[in-house]
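Structure first, then comments.
Bear in mind the structure is a predicted one, so any value in this text is a computation, not a measurement.
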Amino acid sequence: MNGDIPLIVIGFKTVTVLLGGLITYFAARAALRTRATGLTYLAVGFATITVGSLIAGVADQLFGLSTNAALIFENALTAVGFAVIAYSLYVTSRSALVTQ
């Protein structure tokens, strides 16, 4: 376990993963119910961010991956996740224009 990371950071990371999982669950459920493409991408984007946070934390704390490598991995997946979320908003706004 990495002794350099304060317990409060681990607590916030846990809350982030739990809330990210909850948002992903609700977005995926809404996507299945409505069959809206934008909601599907939204769920995938939040899932990517959440999984990146989880994997980086586990790799750093349990498998001894360097903190810098874990941060790079987490931030890369966060960037990808936000790009997918931005695309989900584009798809949603574009489909709204088509239906009008």
Please assess R29 against L32 for the test side chain to side chain contact (heavy atoms under 4.5 Å, CB included), listing each intermediate value before the final yes or no.
CA-CA 5 Å; R29 201 170 94 180; L32 289 172; 5.9 Å; no

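Cluster annotation: F63 is connected to V17 through the hydrophobic network of ILVMFWY side chains, with a link wherever side-chain heavy atoms come within less than 4.5 Å. By the rule that hydrophobic residues join a cluster once side-chain heavy atoms approach within less than 4.5 Å of another member, L62 and F73 end up as members of separate clusters. There is a path of hydrophobic side-chain contacts, each under 4.5 Å, that joins I8 to I10. Residues V58 and I55 do not share a hydrophobic cluster, defined by chaining ILVMFWY side chains whose heavy atoms lie under 4.5 Å apart.
Side-chain atoms of T50 never come within 3.5 Å of backbone atoms of A47 as a donor-acceptor pair (strictly under, hydrogens ignored). Remark: the backbone N or O of I49 is not paired with any side-chain donor or acceptor of S53 at under 3.5 angstrom.
Looking at every heavy atom in both residues, I85 comes nearest to G45 through CG1-CA, 3.9 Å. Between T48 and V80, the shortest heavy-atom distance links the atoms CG2-CG1, 4.1 Å. Between A27 and L42, the shortest heavy-atom distance links the atoms CB-CD2, 4.2 Å. Nearest heavy atom pair, residue S88 against residue Y41, reads CB-CB, 3.5 Å.
Once rounded to the nearest 0.5 Å, the distance linking CZ of F46 with CG of L19 reads 10.5 Å. How far OG1 of T14 is from CG of L54: 9.0 Å, rounded to the nearest 0.5 Å.
The closest side-chain heavy-atom distance from Q61 to K13 is not below 4.5 Å.
In summary, of the residues considered (L39, T24, V84), a side chain to side chain contact (heavy atoms under 4.5 Å, CB included) with V44 occurs for V84 alone.
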